Every structure is written in structure tokens, then in C-alpha cells.
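Encoded as C-alpha cells, the structure appears first; notes follow it.
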Amino acid sequence: MLRTPGPGLGAPLLLAALGLGRAGWRGPAGRAASGGRGKAWLQPTGRDTGVQVYNSLTGRKEPLIVAHAEAASWYSCGPTVYDHAHLGHACSYVRFDIIRRILTKVFGCNIVMVMGITDVDDKIIKRANEMNISPASLASLYEEDFKQDMAALKVLPPTVYLRVTENIPQIVSFVEGIIAGGHAYSTAKGNVYFDLKSRGDKYGKLVSVAPGPVGEPADSDKRHPSDFALWKAAKPQEVFWSSPWGPGRPGWHIECSAIASMVFGSQLDIHSGGIDLAFPHHENEIAQCEVFHQCEQWGNYFLHSGHLHVKGKEEKMSKSLKNYITIKDFLKTFSPDIFRLFCLRSSYRSAINYSDSAMLQAQQLLLGLGSFLEDARAYMKGQLACGSVREVMLWERLSSTKRAVRAALADDFDTPRVVDAFLGLAHHGNGELRATKCVSGDGSEATLRGVVDELVRFRQQVRQFALATPEATGEAQRQQHLERQPLLEACDTLRRGLTAHGINIKDRSRTTSTWELLDQRTKDQKSFRG
């Protein structure tokens, strides 16, 4: 991973290191764009990835075309690090991690991803005061906590993390550029605001009709209620940095605009975040960047993920509603693969309902797919006792599944269709393998072996669940083992019972069991995989 560049490092050095050439802070001036969602969108030129992606800028699917053949530029809004991350955050980051992997592994699109970390903010300052520690210490603690959670969920890290506090000079320069262009103003109190009226009808590219401003305090020094802060004057006892307008700190929206521009310049391929960030955060980013760079279109594709809802309630999982589950608590019960499959079963753009039953269902699907893969591998190695499999049909089904999967992924990353295709393939494969597990002999022997096969398979799945070791430690892990001990005892009882009938089950590993039938007439053992 690249280290965070210091104040003197800008876009040219980082992009040159990544092999993408130079990218300046300012792009060429463009012609005026008409306002309104989708009306001003210009299809980029460059490399067509072969993917149709839903673009929030247009409200429809568009061909995903990236400017550089070598790599796509992607900016991801990172966390505000003042507390533990929860499953609502996890859902968004896992979904975009899946998309990133699809673009890279399936469509051969290298990606340079930058994630901005908000490490100074009202919430951080408030929480730090409550804990009697510095805002910097609090932010550092929860940034590392966030990274550990993402690693536990198997989310790939970005190419580079960039923190707000380490890029204050670049943010100040960005604000100065907006003021110089006549799109922002400073006040006697030391605040700087974006003059929204100067944007005219170009504002509202993402949401068409922007919601009205919230009520302003009586001492507000804005010219217009809809204007938003680029620089906030420091309050007493607050952390601050010097600036041409006095001591203060950046506004929220300007952080991402300045950081993304510092790396990628005046053109960005992909911008991602939760749907709640579309307005005002991303809308304001667009306004800031397009007036600073004097360009007609800064970000080409905006991808937004749906909320994670608490089942039975029409509300998103969030800290403000106090209905959240931390990632760490979740991983005490379920594995990261289960959560990722849970996310795969719905479109990244849709809201998704969280419940224990949904997780258990994902767990069972994952166990079923794992069992099929074990059987398939055993068959390929000659370890599965069966007659001839119609391999021609299996190869045809595999080929058609691969085509269906690629087509689904190219259609706005349609992972639910992909999961259905995989389940269909597994169902077909299981039908072939199970139908041919009967060896020669009379009907009663064939039936017996089929029944034992299914019984051992069921026992294997129960045992695998009971032995699963999710990310639990200490007392929680001990309690989990105690709760699952009866399942292991039941598995042992079944094995002893079958031994009395001449059927010996051998557990080869946590995920694999075999069974042997002792032929009393010849005294030789015939092995079968369960």
C-alpha cells in the first residue's frame, strides 16, 4: 500500500508512480452545462470495460468507459472515525469491494482507489471531549479499528488512504481557488461558504430537485440559507489550522473534493458511497470540483449502494437511531463469507433487510455450495464411489453457467442472478453425482448406500457448523462451544449407532467425512465418501 503523501506531494507524483501520467489541478475550461439530472452527462472517451452500470448522474444504465486503459480512477468516501463501524457501513463497503473485484478479475480493469478518511469533525471533537482525549488520538484509534473490521470482512484496502488532517494545505488551496472563481465568499467571522446561487441551474445533477435547506441558527453569517461551509472558523477550545480567513478547519464536503482532485485532477472515473451521501455530500462535491477545475463534468460515474434496514422496520441501520450491530459483534456469530453471500443475494443498489434468519439462510446456502464442491473434487480425484457421470452434460451446463454469469456481471453487477446461476449448477451437479452413487448390486443394497450417503452428508454439515470458529474470543468463544457441544455429541451418537450395523464413519477433517461398509463375507472394506 502506498503511504499517505505529505503536503508537498500532489497528483503528478502519485499518478506517475501508478503509471497514469500527469494530472493537473485544473482542467481546460468547458462550455456551460445545462442543469438537471442526466441532461448534462457526457459519455466519456477511453476504454470500454464491457460493463453497463447504473449511473446516478443519469438515472439509467450507461456503458462504463474509463479514461485510461492502464487503470480506472475510483474515489471512495471513507468513514468519519469517531466510533466502531457497524453492519450498515459493512454492507456498503463489502458491496463495492465485490464490484471492484468483478471489474478487476472478470473484466481485466485495474483500479486505483483512493479513500478519504475524515479524522476531524464535530462528532470526533465531541466524542474526544467526552473521553478526555485529543481528537487526533480518538481518530487514530477508530481509524485502525475500521481497517481491522474491513480486513476481517475480506474487503481489499484502497490503493491509498488520505486523511483530512494531513492535507490541510491542499484543502486551503482548493478553497482559495473556488473563491478566486467567484463561487465562494468569506465572512467577518472567519467562515467561508460556497455561493450556491453562483452555480445557477447546474446544481442538482444527482437529485434533480434538491431538498430545501434546514433551519439556520439566528447567528448564521451565510448570504443564503442553502450555501454550505467550505471552511469553519474555530470555536473556543477546538482544534484548528491557520488559513487566510483565520484559524479553523475544513467543511465536510470540501475534504473529498480536494483530496480526490489532488490525486486524480479534473477527471474522475468512478465515485462511490451510500445512497444517503448523494445529497448533499456528493452533489456539493460536484459543484465544488466543476467550478474549481472549470470543467463541464468532473465525475463520470456515481455509484450508490442501498441501505441496510432492520427487518420489520422502515429505517436504516445507523448510530443515530441506536439500532445498529457492530461488525465485531456480528463476527462473533457469523463468518465474513456468510455476510458477503448475504450481500451478493441482492443488488448493490437495493435496500436490504438484516435479520438472523436471513443470515442463517445464507449460511445454509454456503454450506450447500461447499458440500457440492467437496463432492465435485472427490469425484475428480476418483474418491467418490459412483458409476459413470454424464460429463458431456455437465460440461455443457458449466459452459452455459459461465456465459450466464459473465452476462449478469456485465449488467450492472447483477450478483443475484449470479448466485442463482451457481445454485442451479450445484443442483444439476448434485443430481448427477447422487444419481450415480449406487454401485452394482441388488436394489436393497443400492438403496441402503444412497440413504447412508445422505445421512453422512447431513451429519457432516451439522458437524461443520458445530466446529465453526467465527471471530469470537475469550468468554464469548467458550460460551459458543458450550452451546454447540450437544450437536457434536449427537454426531458421535449417530456414528456409534451406525457402527453397530457395520457402517463406519471416519472424520477426515472438519469439512470431510467418509464411510466404510464392512463386508462380513469377504472381510474387506469398501470406502465411500460422505
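Every value quoted in this text rests on a predicted model; they were computed, and no experiment measured them.
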His271 and Trp298 aromatic ring geometry - parallel, tilted or perpendicular at 30°/60° bounds: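 Ring orientation, 0 to 90° scale: perpendicular.
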
Geometric class of the His253/His281 ring pair [parallel <30°, tilted 30-60°, perpendicular >60°]: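 Rings of His281 and His253: tilted, as their planes differ by 30° to 60°.
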
As an exercise, state the distance from [atom1] of [X] to [atom2] of [Y], rounded to the nearest 0.5 Å.
X	Y	atom1	atom2	answer
Arg127	Asn129	CZ	CG	12.0 Å
Phe107	Phe413	CZ	CZ	7.5 Å
Arg349	Ile275	CZ	CD1	9.5 Å
Leu64	Arg47	CG	CZ	9.5 Å
Asp97	Arg101	CG	CZ	4.5 Å
Asn284	Cys256	CG	SG	11.0 Å

Short question: side chain of [X], backbone of [Y] - any donor-acceptor pair under 3.5 Å?
X	Y	answer
Tyr185	Arg223	yes
Ser305	Tyr348	no
Thr415	Leu344	yes
His307	His309	no

Any side-chain heavy-atom pair of Ser73 and Val112 under 4.5 Å: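 Side chain of Ser73 against side chain of Val112, heavy atoms only: no contact under 4.5 Å found.
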
Hydrogens and angles aside, do [X] and [Y] bring a side-chain donor and acceptor to less than 3.5 Å of each other?
X	Y	value
Tyr93	Asp149	no
Thr326	His84	no
Asp119	Tyr142	no
Arg95	Ser346	yes

Pair Asp227 + Lys197: basic N to acidic O under 4.0 Å: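 Looking at Lys197 together with Asp227, the answer is no, because their closest N to O distance does not fall below 4.0 Å.
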
Arg249 with Glu238: basic N within carboxylate O range, under 4.0 Å: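 Salt bridge present between Arg249 and Glu238.
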
Positive for side-chain contact (heavy atoms from CB on, under 4.5 Å) with Phe342, one of Met359, Gln363, Gln361: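 Result for side-chain contact (heavy atoms from CB on, under 4.5 Å) with Phe342: Met359.
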
Derivation of the side chain to side chain contact (heavy atoms under 4.5 Å, CB included) call for Leu423 and Leu369: CA-CA 7 Å; Leu423 292 176; Leu369 287 171; 3.9 Å; yes

Derivation of the salt bridge (charged side-chain N to carboxylate O under 4.0 Å, His left out) call for Asp145 and Lys328: CA-CA 10 Å; Asp145 188 77; Lys328 287 178 174 55; 2.7 Å; yes

Aromatic ring proximity, centroids under 6.0 angstrom, Phe339 and Phe330: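 Yes: the rings meet the under 6.0 Å criterion.
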
CA sep, side-chain torsions, deciding dist, call: Leu103, Trp74, side chain to side chain contact (heavy atoms under 4.5 Å, CB included): CA-CA 12 Å; Leu103 284 173; Trp74 185 332; 4.2 Å; yes

